[in-house]
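Indexing begins at 1, ligand by ligand and atom by atom, following the structure's order.
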Amino acid sequence: MRLFSFIFTLLLSYSAAAVDLPQESRVPGGIALIPLTGLNSATAPSAWYKGNRVMVLPTTETPFSQQASWVAVIGIPLSAKATKDQLMKADGKSFPFQIQDKEYEEQRLTVTNKRHVNPNKQDLARYKREKTEMVAAFKSWSTPQISSVNFELPATGRFSSPFGLKRFFNDQPRNPHSGLDIAGGQGGAISAPAPGKVVAVGEYFFNGNTVIIDHGYGLTTMYCHMSRIDVKIGDQLNTGDSIGAIGKTGRVTGPHLHWSVSLNNTRVDPLLFVKQ
Ligand SMILES: [Zn+2]
């Protein structure tokens with residue numbers, strides 16, 4: 001009888017600790033959910049993919065709960081090749097997985113500020129410094145208590161450019177679109193999509209006024225081109241707290257919010273985290 005009540009308590013504490021998972025999509029720019037079979041420790045196993053620490057969450061969601069107590073949530077880079085086997089390591093064990101190909105659309109934009117297409121030497125030096133700062137923020141690793149990694153949308157407005165577009169600025173090929181653009185209009189409100197801590201605030205060459213929030217376990221979100229910033233580094237935010245306002249700072253063709261979501265220092269499709 002005592003054993004039964006012990007198991008019952010254990011099950012209860014497990015379901016209480018379970019975290020809502022994002023939507024899986026094993027494509028470049030997507031997310032792989034890998035059940036860590038054979039690793040049933042009470043604490044989260046540490047997992048790594050392409051040299052970056054990977055989010056590992058407890059789960060009671062089917063089908064994962066039948067296979068393992070822990071699931072790795074892996075961000076797959078847009079540059080990943082579908083033909084190559086991917087490998088994640090957790091507690092010394094290897095977990096191979098396959099990704100499917102995905103063909104993203106092309107987008108051609110005309111930018112009037114020529115330096116935003118062909119930056120000069122000073123611009124490039126500035127961009128290099130800023131990139132180091134942003135990557136450090138994307139690599140944040142914290143372990144807050146979380147119950148969900150599902151997001152509210154940070155702004156209202158039309159989705160003007162989806163994630164993953166192959167981009168050409170003034171007919172020159174550039175990096176693919178690593179976020180989702182929301183055209184909410186100049187001055188539109190931007191709010192935190194989930195609880196988190198502000199880890200970067202800057203006025204960047206391409207991204208304009210920018211904020212990066214750490215949500216824990218390698219999950220970060222970035223807000224760009226803002227007209228106003230309402231937060232500072234170290235601020236602890238709850239879902240819905242104001243971050244600032246939509247603007248057109250940096251490399252833009254009009255006012256919008258560029259929203260990036262990053263897992264294991266890899267930018268992925270933000271909509272995979274938004275409950276549809
Ligand atoms: Zn964008």
If you look at His177, which of its N/O/S atoms is nearest to the Zn ion (ligand 1)?
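Looking only at N, O and S atoms of His177, the one nearest the Zn ion (ligand 1) is named NE2.
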What atom name does the N, O or S atom of Asp181 nearest to the Zn ion (ligand 1) carry?
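When I compare the N, O and S atoms of Asp181, OD1 is nearest to the Zn ion (ligand 1).
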Counting backbone and side chain alike, does His258 bring an N/O/S atom below 2.8 Å of the Zn ion (ligand 1)?
yes
Within 2.8 Å of the Zn ion (ligand 1), is there any N, O or S atom belonging to His256?
no
Would you check if the distance from the ring center of Tyr49 to the ring center of Phe97 is below 6.0 Å?
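Under 6.0 Å, so yes.
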With ring centroids as reference points, do Tyr104 and His177 lie under 6.0 angstrom apart?
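Centroid distance Tyr104-His177: not below 6.0 Å, so no.
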Strictly below 4.0 Å, N to O, side chains only: are Lys128 and Glu133 in salt-bridge contact?
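Salt bridge: no.
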Among all residues two or more places apart in sequence or in another chain, which pass the ring-ring contact (aromatic ring centres under 6.0 Å, His included) test with Phe205?
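Partners of Phe205 by the ring-ring contact (aromatic ring centres under 6.0 Å, His included) criterion, ordered by chain and then number, come out as His116.
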